[in-house]
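Notes follow once the structure below has been shown.
Counting convention: from 1, in listed order, for ligands and their atoms alike. Keep in mind that this is a model prediction, so the values were computed, not measured.
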Amino acid sequence: MASPLIRKNDIVIVKQGKDKGKTGKVLVVHPDKRTAIVERLNFVKEFIKPDRSKNKQGGIMDKEAAMPLSRLMLYCEDCQQGVRARHKIHEDGSKARVCPKCDNVLESQK
Ligand SMILES: [Zn+2]
């Protein structure tokens, strides 16, 4: 299976929706669903019902919801914008995603 261009720990920028223009770190990628969960982005309210028998309080909790990968782009900190990464193959055969504008390597540190 082809690996998605966006991977865990990447810094991405949101291109569409209510969080447009915000950046965050990818926490989880679901390649089969083509979605990702990005840290502190796309919060949804989760309503928790109070449960008197367990003495549990109800309330509203914010949690991150998955976003379609098509709304996300890799973020280049040097260019300060989302970029379409291209693959670069080093002399030792290892591959890295780089920014097409400034040639910055966009791989997160392993
Ligand atoms: Zn760049």
Side-chain angles (χ1 to χ4, degrees):
M1 191 176 72
S3 60
L5 203 53
I6 289 170
R7 297 181 202 145
K8 192 180 169 185
N9 292 330
D10 285 344
I11 303 298
V12 292
I13 185 165
V14 182
K15 301 305 285 180
Q16 277 175 50
K18 62 175 179 167
D19 285 326
K20 186 177 175 182
K22 292 186 188 171
T23 58
K25 190 170 89 171
V26 176
L27 299 178
V28 185
V29 179
H30 300 291
D32 47 336
K33 296 183 202 150
R34 303 200 55 77
T35 61
I37 294 176
V38 184
E39 189 175 35
R40 307 193 57 76
L41 289 185
N42 202 30
F43 275 127
V44 290
K45 302 261 185 237
E46 191 178 50
F47 294 92
I48 300 152
K49 281 185 192 165
D51 189 339
R52 291 222 169 93
S53 62
K54 289 174 191 160
N55 202 16
K56 223 168 73 178
Q57 274 195 328
I60 301 168
M61 217 175 76
D62 284 328
K63 70 174 228 188
E64 290 110 339
M67 279 190 275
L69 287 172
S70 57
R71 280 196 209 165
L72 305 172
M73 271 181 111
L74 272 175
Y75 181 71
C76 174
E77 282 178 4
D78 283 5
C79 300
Q80 300 208 324
Q81 58 177 282
V83 294
R84 265 183 215 291
R86 60 182 181 82
H87 283 101
K88 187 174 184 172
I89 299 166
H90 295 295
E91 283 174 14
D92 66 359
S94 65
K95 265 200 274 186
R97 290 163 302 164
V98 297
C99 172
K101 297 189 171 99
C102 68
D103 227 30
N104 208 13
V105 175
L106 298 171
E107 297 297 332
S108 49
Q109 51 276 47
K110 304 255 149 46

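Judged by distance alone, with hydrogens and angles left aside, the side-chain atoms of Glu107 form a donor-acceptor pair with the main-chain N or O of Arg97 at under 3.5 Å. For Lys18 (side chain) and Phe43 (main-chain N/O), a donor-acceptor pair under 3.5 Å exists by modelled atom type.
Among all heavy-atom pairs drawn from Arg86 and Asp103, the shortest one is NH2-OD1, 2.9 Å.
Among protein atoms, those of element N, O or S found less than 2.8 Å away from the Zn ion (ligand 1) are Cys76 SG, Cys79 SG, Cys99 SG, Cys102 SG.
For the pair Lys101 and Asp78, the salt-bridge criterion is not met [side-chain N within less than 4.0 Å of a carboxylate O]. For the pair Glu64 and Arg40, the salt-bridge criterion is not met [side-chain N within less than 4.0 Å of a carboxylate O]. Residues Lys45 and Asp62 are paired through a salt bridge, judged by an N-O separation under 4.0 Å between the basic side chain and the carboxylate.
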